[in-house]
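Hydrogens, waters and symmetry mates are skipped; everything else that's a heavy atom, side chains included, is used. Index from 1, following the sequence.
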Amino acid sequence: MFEKIQSYLAAQLDIPAEEITRETTFEGLGIDSLDMVEMVMDLEEELGVDLEMEEKVATIGELVDFVESKID
């Protein structure tokens with residue numbers, strides 16, 4: 001799941017995937033709340049799962065853990 005989110009962000013932000021780690025913050029990537037909503041909608045469509053974002057996630061790792069908890 002990390003690799004999927006990592007490659008999505010790398011493509012969206014036009015940066016090398018290696019620059020994105022589990023500890024990378026969305027703020028550090030310049031991703032605001034609107035970008036976050038768009039990304040979650042894309043992930044929902046790609047994964048075929050409903051990702052109700054009840055709480056704010058700050059890092060890529062937190063998002064990965066959240067998505068994985070919804071899939072299992």
Side-chain angles (χ1 to χ4, degrees):
M1 184 54 57
F2 169 71
E3 291 80 12
K4 187 177 294 250
I5 293 172
Q6 179 189 46
S7 64
Y8 171 86
L9 288 170
Q12 291 293 316
L13 301 172
D14 196 29
I15 60 174
E18 307 81 55
E19 290 184 16
I20 301 169
T21 68
R22 287 184 63 89
E23 292 75 34
T24 301
T25 64
F26 291 104
E27 184 179 342
L29 292 173
I31 295 176
D32 62 20
S33 58
L34 183 60
D35 295 328
M36 193 71 173
V37 168
E38 195 174 298
M39 180 178 64
V40 168
M41 287 173 29
D42 289 345
L43 285 170
E44 286 177 330
E45 188 175 311
E46 184 175 333
L47 301 172
V49 66
D50 189 25
L51 301 174
E52 289 291 327
M53 297 293 286
E54 301 96 13
E55 55 194 66
K56 187 173 175 162
V57 294
T59 67
I60 306 301
E62 288 174 7
L63 178 62
V64 169
D65 293 342
F66 175 76
V67 171
E68 287 176 344
S69 76
K70 295 295 185 180
I71 291 174
D72 292 340

Quick check: do [X] and [Y] have side-chain heavy atoms less than 4.5 Å from each other?
X   : Y   : answer
T24 : L9  : no
M39 : L63 : yes
M36 : V57 : yes
L34 : E38 : no
F26 : I60 : yes
M1  : I71 : yes

For this session: For E44 and L51, work out which heavy atoms get closest and say how close.
Result: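 Reported closest heavy-atom pair: OE2-N, 2.8 Å.
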Exercise. Do you know which two heavy atoms are closest between F2 and T21, and how far apart they sit?
Worked result: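 Scanning both residues completely, I find the closest heavy atoms to be CE1-C, 3.7 Å.
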Starting at [atom1] of [X], measure out to [atom2] of [Y] and round the result to the nearest 0.5 Å.
X   : Y   : atom1 : atom2 : result
L13 : E19 : CG    : CD    : 10.0 Å
D35 : L29 : CG    : CG    : 10.5 Å
Y8  : D42 : OH    : CG    : 3.5 Å
R22 : Q6  : CZ    : CD    : 11.0 Å
K56 : E62 : NZ    : CD    : 10.5 Å
I5  : L43 : CD1   : CG    : 5.5 Å

Exercise. What's the verdict on side-chain contact (heavy atoms from CB on, under 4.5 Å) for Q12 and I31, showing C-alpha distance, side-chain angles and the deciding distance?
Worked result: CA-CA 10 Å; Q12 291 293 316; I31 295 176; over 6 Å; no
Exercise. With sequence neighbours excluded, what pairs up with E45 under the side chain to side chain donor-acceptor pair (under 3.5 Å) test?
Worked result: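 With neighbours one apart ignored, the set is empty.
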Problem set entry | ILVMFWY cluster membership beyond V37 - transitive side-chain contacts under 4.5 angstrom |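 For the cluster that includes V37, the remaining residues are M41.
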